[in-house]
Amino acid sequence: MMREVNEKLLLELMSNGTLAELPPENIPNNITMPEEPSVMLLLPHNQYLLGIGSKWVLKSGDKHQDVFLYDDQVLSLSNGNSKPTVIPKETVNALRKELFSLTEPPGRHVPTLLMLKTILREKEIKFSDEKTFNETMKNDLTLCKTYWTLRFALARHEFETARRLKAWLKAGPETFTDSKNVMKIWFSILNIPDKGVISELKQLSFTKLEIDHVAAQKISPVILYNPVSGWLIVKRFNYDNGKNSDTTFVLWEYLNHELYNELKEVRKMSTDDIILALWGEYDTQQAMIERAKYKGDE
């Protein structure tokens with residue numbers, strides 16, 4: 001069991017790949033814990049891994065190098081002539097989770113508010129400090145979703161997210177929380193999605209022949225209607241806004257009959273707006289998942 005020690009964590013990698021918590025008095029004399037909230041992992045061969053914010057550094061004596069940790073991926077660390085130290089993916093996941101829980105969410109509050117005012121024109125956005133604004137968002141789920149989606153997007157310089165949020169708001173955020181409305185969204189690098197996506201599409205009554213036919217079309221978007229399950233919309237996104245023939249990625253969106261009718265017939269949305277609205281819903285879902293990883297409100 002891992003516990004917090006003055007907003008820092010000190011752990012040791014055991015020979016079987018599991019983590020062991022160490023009390024602060026067990027810190028080696030030649031290692032100084034940073035002032036910032038951090039995660040430190042002691043390793044064999046007098047090495048240690050230090051995580052601060054979103055950065056991880058492998059240190060050995062006076063030497064240090066940046067390393068990158070990814071969820072569900074094994075981390076192999078070189079030891080010169082010795083065998084590399086291998087950190088299992090479960091341990092990598094635990095390290096990332098612990099560091100996130102000590103770290104403030106990325107992005108800046110004021111620029112996010114400025115962008116928020118341009119998107120939520122009908123809602124009065126009062127400028128306030130971040131803590132006060134967090135209290136306001138607790139009673140307004142749409143505001144909360146929009147704020148965090150924008151904040152994370154701006155931190156990554158993904159400015160196109162604002163367009164998707166506008167379409168999402170036009171569709172009505174409550175539309176996507178209605179249990180009768182069903183949507184799914186996938187991304188693929190190739191024209192044909194991976195086997196997992198094809199399997200899901202087959203479960204939705206789309207045949208492999210239909211999927212291949214849609215993938216082979218040169219036009220974009222392509223809309224496929226299935227009387228049993230609903231609608232499949234496929235949109236290709238290219239370099240230079242479509243001027244270059246090299247496809248960047250393909251967006252696959254599924255809507256059941258109820259959701260499609262709500263957006264198309266009731267809200268009178270164009271196909272392009274529907275595509276953006278579903279993608280905007282996906283953005284908000286991912287943003288809320290990402291927000292939950294980071295340090296919570298005080």
Side-chain angles (χ1 to χ4, degrees), residues 72 119 141-142 145-146 149 153 158 160-290:
D72 298 321
I119 293 178
L141 184 57
T142 297
K145 288 181 176 180
T146 310
T149 304
E158 296 175 357
E160 283 296 307
T161 303
R163 288 185 59 216
R164 303 196 289 268
L165 282 174
K166 289 179 181 178
W168 174 72
L169 290 165
K170 181 179 179 181
E174 70 282 356
T175 301
F176 299 102
T177 58
D178 190 329
S179 59
K180 74 175 185 296
N181 297 329
V182 180
M183 63 156 279
K184 290 181 177 292
I185 185 168
W186 306 271
F187 300 88
S188 67
I189 301 299
L190 304 176
N191 284 336
I192 295 291
D194 63 34
K195 293 180 180 179
V197 176
I198 292 176
S199 177
E200 288 189 66
L201 289 172
K202 285 182 177 179
Q203 292 175 14
L204 294 168
S205 300
F206 294 100
T207 67
K208 181 62 166 60
L209 183 62
E210 289 175 322
I211 298 169
D212 289 342
H213 177 72
V214 168
Q217 299 300 306
K218 299 298 183 182
I219 60 174
S220 180
V222 180
I223 302 176
L224 180 61
Y225 169 71
N226 185 292
V228 176
S229 64
W231 302 75
L232 180 64
I233 303 176
V234 181
K235 173 77 173 180
R236 292 170 175 80
F237 289 85
N238 301 328
Y239 294 109
D240 300 322
N241 297 319
K243 297 176 183 178
N244 189 299
S245 61
D246 294 329
T247 301
T248 307
F249 64 91
V250 183
L251 176 64
W252 302 72
E253 295 182 338
Y254 163 77
L255 309 78
N256 68 347
H257 295 296
E258 291 81 1
L259 179 55
Y260 186 85
N261 289 337
E262 173 69 24
L263 299 179
K264 193 72 173 179
E265 305 300 330
V266 178
R267 299 188 182 263
K268 307 299 182 183
M269 296 182 71
S270 66
T271 299
D272 285 340
D273 277 346
I274 290 174
I275 292 171
L276 292 175
L278 266 65
W279 194 351
E281 168 65 11
Y282 174 83
D283 286 333
T284 64
Q285 292 175 2
Q286 296 303 304
M288 298 311 290
I289 292 172
E290 186 174 359

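Any value given below was found using the heavy atoms of this structure, including those in side chains, with hydrogens, waters and symmetry copies removed. Note that the numbering runs from 1 along the sequence shown for the chain.
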Any donor-acceptor pair under 3.5 Å from S220 side chain to R236 backbone: yes
T207 OG1 to L224 CG distance, which is reported to the nearest 0.5 Å: 8.0 Å
Flag side-chain contact, heavy atom, 4.5 Å: L232 against L204: no
Test item: N191 side-chain N/O and Q217 main-chain N/O as donor-acceptor pair under 3.5 Å: no
side-chain contact (heavy atoms from CB on, under 4.5 Å) partner of K264, the single match among D273, I274, L259: I274
Side-chain donor/acceptor of R163 to backbone N/O of G280, under 3.5 Å: no
Option from V234, I185, I233 for which side-chain contact (heavy atoms from CB on, under 4.5 Å) with I275 holds: I233
Spatial distance of atom CG (L169) from atom OG1 (T146) [nearest 0.5 Å]: 5.0 Å
Step-by-step side chain to side chain contact (heavy atoms under 4.5 Å, CB included) determination, M183 to Y260: CA-CA 9 Å; M183 63 156 279; Y260 186 85; over 6 Å; no
Distance, nearest 0.5 Å, that separates OH of Y282 from CG of L251: 10.0 Å
Side-chain heavy atoms of I192 within contact of V250, under 4.5 Å: no
Salt bridge (charged side-chain N to carboxylate O under 4.0 Å, His left out) partners of R267, counting only residues at least two apart: E174, E262
W168 side chain reached by D283 side chain, heavy atoms, under 4.5 Å: no
Over all atoms of both residues, closest heavy-atom pair of A167 and M269: O-CE, 3.7 Å
Heavy-atom check, side chain of K208 versus side chain of I198, under 4.5 Å: yes
Side chain to side chain contact (heavy atoms under 4.5 Å, CB included) between I211 and V197, intermediate numbers included: CA-CA 10 Å; I211 298 169; V197 176; over 6 Å; no
Qualifying residues under ring-ring contact (aromatic ring centres under 6.0 Å, His included), relative to F206, sequence neighbours excluded: none
Minimum side-chain heavy-atom gap L263-N181 below 4.5 Å: no
Heavy-atom side-chain contact between F176 and Q285 under 4.5 Å: no
K235 NZ to D272 CG distance, which is reported to the nearest 0.5 Å: 5.0 Å
Side-chain touch E253/W279, heavy atoms, less than 4.5 angstrom: yes
pair Y254-N226: side-chain heavy atoms closer than 4.5 Å: no
